[in-house]
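Every chain is numbered from 1, with letters handed out A, B, ... down the list of sequences. The model shown is predicted, which means the values in this text are computed figures rather than measured ones.
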Number of protein chains: 2
Amino acid sequence: MKYDPNVKQSRGIERTQRAFATAMFDSLAEKPFDKITVNALCEKADYPRATFYNYFDDKFDLLNFCWFKLGQDTHLDVTNTQENKLTIKETFAQIYKLFEDYQSLLLSIIENNPLDSSLVNHFVRHFTDVIYASIKNSVDTKAIHTPSELVAQHCSTTIIEILKWIYLGQHKVTLEEAETYLTELLSGPIHLQKDKQ
Amino acid sequence: MKYDPNVKQSRGIERTQRAFATAMFDSLAEKPFDKITVNALCEKADYPRATFYNYFDDKFDLLNFCWFKLGQDTHLDVTNTQENKLTIKETFAQIYKLFEDYQSLLLSIIENNPLDSSLVNHFVRHFTDVIYASIKNSVDTKAIHTPSELVAQHCSTTIIEILKWIYLGQHKVTLEEAETYLTELLSGPIHLQKDKQ
DNA sequence: TCCATACTTGGACAGTTGTAAAAATACAAA
DNA sequence: TTTGTATTTTTACAACTGTCCAAGTATGGA
């Protein structure tokens, strides 16, 4: 990332970055990510190419910015400080809300970008990282052998997996039902042994 | 994919494809994936560019071929037919062996490609799909509400998550210990509620 | 051996990428 | 208003990408 999105930028810079982000979101609803060129983004945002490279390293860097803004706009607060700990369920609910808020955007993205595309992967990875940062100090591994980082990683990917299923796979369910999935997947019991037939 | 790797190719074609795969593996051990150009691969494999595009759509298509060959070479057999069902544990053991066999290759790849790079993601996605195909008919969801596809997806990502931790994150443990992780992560209990302090 | 067919190769092409260095512009302090 | 600084834009560049076509080369059957 060229510019840290956490530090407040001047109005002009903010506007320019927004213009590129909007161009990206619009483009994603129109065509697959790998058909989107930096040239086309500049065309749409009405800024010269050099300005694009002024703010972003490349298309992916702009994507990072886009996902970050998504979280910022929906007042996502998954920071995990000493004072402000979030449980896994609380984090889940927050991200659920984010996906809920942006479901039409997500839907239009999915139209042009298959679930196993590099774009969806990039998106998923971003929010997995966000969730990981949020819950990493909340996992309790006193009773088990698995390292806590691995458990935290597992919880993050599970949360994303469920939301991917619901919002990207288009199997809409209520938050309560989604929470049931989460409990079942994380607290078992899933049977590892299956009788051969 | 331009050529289906499942159907047996003529000797010459096989040799050419292998040459490109080898060039890719060698390059991955030398530099980050996004610094590897098709030109350089052709240089290394000593074939003209047109030949590359004869067999592969692009760099990523070659990667698919590489991962497939990895599975083929280690006699990975995770096909899941009616007659030949594999349990989750059996599948886990097979993929564990594959990672074990190629640990030096994986290590050299990790040197140049961070865990969150598009390369490692591509790799992970490939084997997640392989595992999913292997176990999708083995999951037992009679006692729970979560849809079986989601459970199967969850099991696949969990298996890969553990192997990623062990072989890409360099936390070497025995198969037995790895299986303990798998049981703990899939059959719980992971505590979702954590007392606030 | 010859021929037809399939595959491989070389060269050319338009479009894209990321970088660099000037030129133009905006901005803030004196 | 002027001046100095920072940012934005223009322009140019070398390299890469993916496609195309025509020429070359194998290969196997008759």
If I take atom [atom1] in residue [X] and atom [atom2] in nucleotide [N], what distance separates them, rounded to the nearest angstrom?
X     : N      : atom1 : atom2 : value
A:Y53 : C:dT16 : OH    : P     : 11 Å
B:D34 : D:dA15 : CG    : P     : 19 Å
B:N54 : D:dC21 : CG    : C1'   : 13 Å
A:N39 : C:dT19 : CG    : P     : 15 Å
B:I13 : D:dA26 : CD1   : P     : 15 Å
A:F56 : D:dT8  : CZ    : C1'   : 15 Å
B:L62 : D:dT17 : CG    : C1'   : 15 Å
A:D58 : C:dT19 : CG    : P     : 9 Å

| task | Could you please name the option among C:dT9, C:dT17, D:dG18 that lies closest to any side-chain atom of B:Y47? | result |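 The listed nucleotide nearest to B:Y47's side chain is C:dT9.
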
| Side chain of B:T37: nearest nucleotide among D:dT17, D:dT10, C:dT17? |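 Nearest nucleotide to the side chain: D:dT17.
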
| query | Counting only distance, no hydrogens or angles, is the base of C:dG18 paired donor-acceptor with the side chain of A:R49 under 3.5 Å? | reply |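 Flag set: donor-acceptor pair detected.
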
Is the side chain of [X] donor-acceptor paired with the backbone N or O of [Y] at a distance under 3.5 Å, no angle test?
X      : Y      : value
A:E184 : B:T146 : yes
B:T158 : B:H154 : yes
A:N113 : A:V120 : no

| Distance below 4.0 Å between B:T51 side-chain N/O and C:dT8 OP1 or OP2 |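 No, B:T51 has no side-chain N/O under 4.0 Å of OP1/OP2 on C:dT8.
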
| query | Do B:T91 and B:S134 have side-chain atoms, one donor and one acceptor, less than 3.5 Å apart? | reply |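 The answer is yes; a qualifying pair exists.
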
